[in-house]
Amino acid sequence: MNFRSKAYGKMSLTAFLLFLLVTTSLASDPYVIKFHSPNLYPEGMTWDSSNQHFIVGSLRYRALFSVSDAAVAVDTPLCPLLAVIHFVEDLTPFNALAANDLRSLSPIFLYQLPSDLSTTSHLRDVANDVAVEFLGNAYITNSGNNFIWKVNIINGEASIFSESPFFTKYRVDPSTPNSSSGLNGIAYIGKGYLLFVQSNTGKMFKVDAVDGIARTVILNGDLLLADDVAVKKNGVVVVVSPINGAWFLKSQDTWSEGWVIDRDSLISMASRHRWQ
């Protein structure tokens with residue numbers, strides 16, 4: 001289980017209405033949970049199967065929220081989780097991976113993520129998203145400087161895992177929304193590699209979880225402003241953008257190539273697609 005807390009964008013909100021798509025492993029039919037929470041700006045979400053609710057992070061509050069059919073509650077999720085931490089621009093630069101046992105509310109660890117001291121970039125590191133594989137390694141995307149961290153969650157060793165030239169190969173239009181947001185959503189596929197999306201180019205990358213070698217996944221279209229990645233039980237990968245909705249993708253060669261098989265807005269996706 002993982003939790004992501006991202007802070008690359010700025011938006012002034014007085015209220016937010018969140019639509020959650022629930023998989024068929026959780027409910028017989030997809031449905032939408034609607035709740036109203038002033039200035040929440042949800043950033044990162046995971047499902048707590050033992051307590052049957054979602055855990056949601058916030059850009060505006062230093063808190064976690066549990067969301068169910070009943071309501072939204074502050075600081076009451078009851079399961080262990082990993083959280084990516086990033087301080088916004090007006091604070092001292094800080095990026096870390098944290099874990100808490102939320103049954104006891106006790107911190108398990110806080111591992112600071114290192115900067116690349118050899119770079120000449122003036123951009124801030126932005127820890128964005130995290131995925132964990134079965135050996136106990138966590139992989140975190142850096143949206144600011146386009147590289148991947150790796151953290152051994154057993155011994156706390158944190159390192160820069162992949163700085164592939166593919167991550168900075170593609171042109172970025174500086175006039176587009178969130179043009180500074182690079183590597184973003186991540187998913188561990190379970191066959192020794194990870195899939196990443198890059199918001200400002202719309203590219204998808206396949207990265208070897210052992211040596212960090214990256215390749216661009218050849219797609220039949222860019223996934224512009226992609227924000228997150230999820231994998232369905234049938235192997236279909238879902239890429240979500242808060243602006244452009246959702247793409248459903250398949251591959252027949254373990255993601256050397258892939259293609260978009262469907263595309264939908266987030267709201268209609270909740271009512272039309274049954275997860276398997």
Side-chain angles (χ1 to χ4, degrees), residues 1-14 16 18 37-46 55-65 74-75 77 80-102 105-132 137-153 156-163 167-168 172 174 177-186 196-200 225-228 242:
M1 181 172 293
N2 60 72
F3 169 80
R4 284 85 67 182
S5 182
K6 298 171 281 186
Y8 60 80
K10 295 281 189 179
M11 186 178 296
S12 177
L13 297 179
T14 56
F16 194 91
L18 182 64
S37 182
N39 204 30
L40 179 61
Y41 199 140
E43 277 289 338
M45 178 181 71
T46 192
I55 301 171
V56 179
S58 170
L59 182 65
R60 304 298 185 189
Y61 301 107
R62 297 178 182 179
L64 298 173
F65 298 79
V74 181
D75 284 333
L81 56 83
L82 294 180
V84 169
I85 299 172
H86 167 68
F87 284 6
V88 293
E89 285 78 0
D90 54 345
L91 298 175
T92 301
F94 182 78
N95 295 274
L97 178 68
N100 282 77
D101 181 347
L102 292 180
L105 300 180
S106 300
I108 301 172
F109 63 71
L110 176 68
Y111 299 145
Q112 187 167 357
L113 301 173
S115 295
D116 183 358
L117 300 179
S118 66
T119 185
T120 58
S121 171
H122 298 293
L123 298 174
R124 289 170 62 103
D125 292 329
V126 180
N128 192 307
D129 204 351
V130 59
V132 183
N137 295 305
Y139 302 87
I140 300 104
T141 52
N142 185 331
S143 291
N145 281 302
N146 284 295
F147 61 74
I148 301 164
W149 285 289
K150 179 179 179 179
V151 177
N152 184 313
I153 61 176
E157 181 182 355
S159 61
I160 295 174
F161 175 65
S162 180
E163 293 182 281
F167 300 157
T168 54
V172 175
N178 289 323
S179 61
S180 63
S181 179
L183 294 179
N184 202 324
I186 172 179
F196 298 81
V197 289
Q198 191 170 47
S199 295
N200 52 11
L225 298 180
D227 186 77
D228 213 341

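In what follows, residues are counted from 1 in the order of the sequence shown. Excluded from the calculations below are hydrogen atoms, water molecules and symmetry mates; all remaining heavy atoms, backbone and side chain alike, are included.
- When every heavy atom of S199 is checked against every heavy atom of S181, the shortest pair comes out as CB-O, 3.4 Å.
- Here the closest heavy-atom approach between residue I153 and residue Y111 is recorded as O-OH, 3.8 Å.
- Taking each heavy atom of P114 and S159 in turn, the nearest pair found is CG-CA, 4.1 Å.
- Between L113 and A127, the closest heavy-atom pair is CD1-CB, 4.0 Å.
- For the atom pair CZ of F167 and OG1 of T141, the computed distance is 10.0 Å after rounding to the nearest 0.5 Å.
- Taking CD1 of I140 as the reference point, atom CD1 of I160 lies at 11.5 Å (rounded to 0.5 Å).
- Side-chain contact between R124 and N95: absent, with no pair of heavy atoms (C-beta onward) separated by less than 4.5 Å.
- Every residue two or more places apart in sequence or in another chain that forms a side-chain contact (heavy atoms from CB on, under 4.5 Å) with F161 is listed here: Y139, I148, K150, V207.
- Closest of all the heavy-atom pairs between G144 and V126 is N-CB, 3.7 Å.
- Residues meeting the side chain to side chain donor-acceptor pair (under 3.5 Å) test with N152, sequence neighbours left out: none.
- Of all non-hydrogen atoms in A138 and L97, the two that sit nearest each other are CB-CD2, 3.7 Å.
- Under the rule for a side chain to side chain donor-acceptor pair (under 3.5 Å), the partners of N145 that lie at least two apart in sequence or sit in another chain are S121, D125.
- Panel note: side chain N200, backbone S180; no donor-acceptor pair is recorded below 3.5 Å.
- Taking the six-membered ring for Trp and thresholds of 30 and 60 degrees, W149 and F147 have ring planes more than 60 degrees apart, a perpendicular arrangement.
- We find the CG-OG distance between D129 and S143 to be 8.0 Å, quoted to the nearest 0.5 Å.
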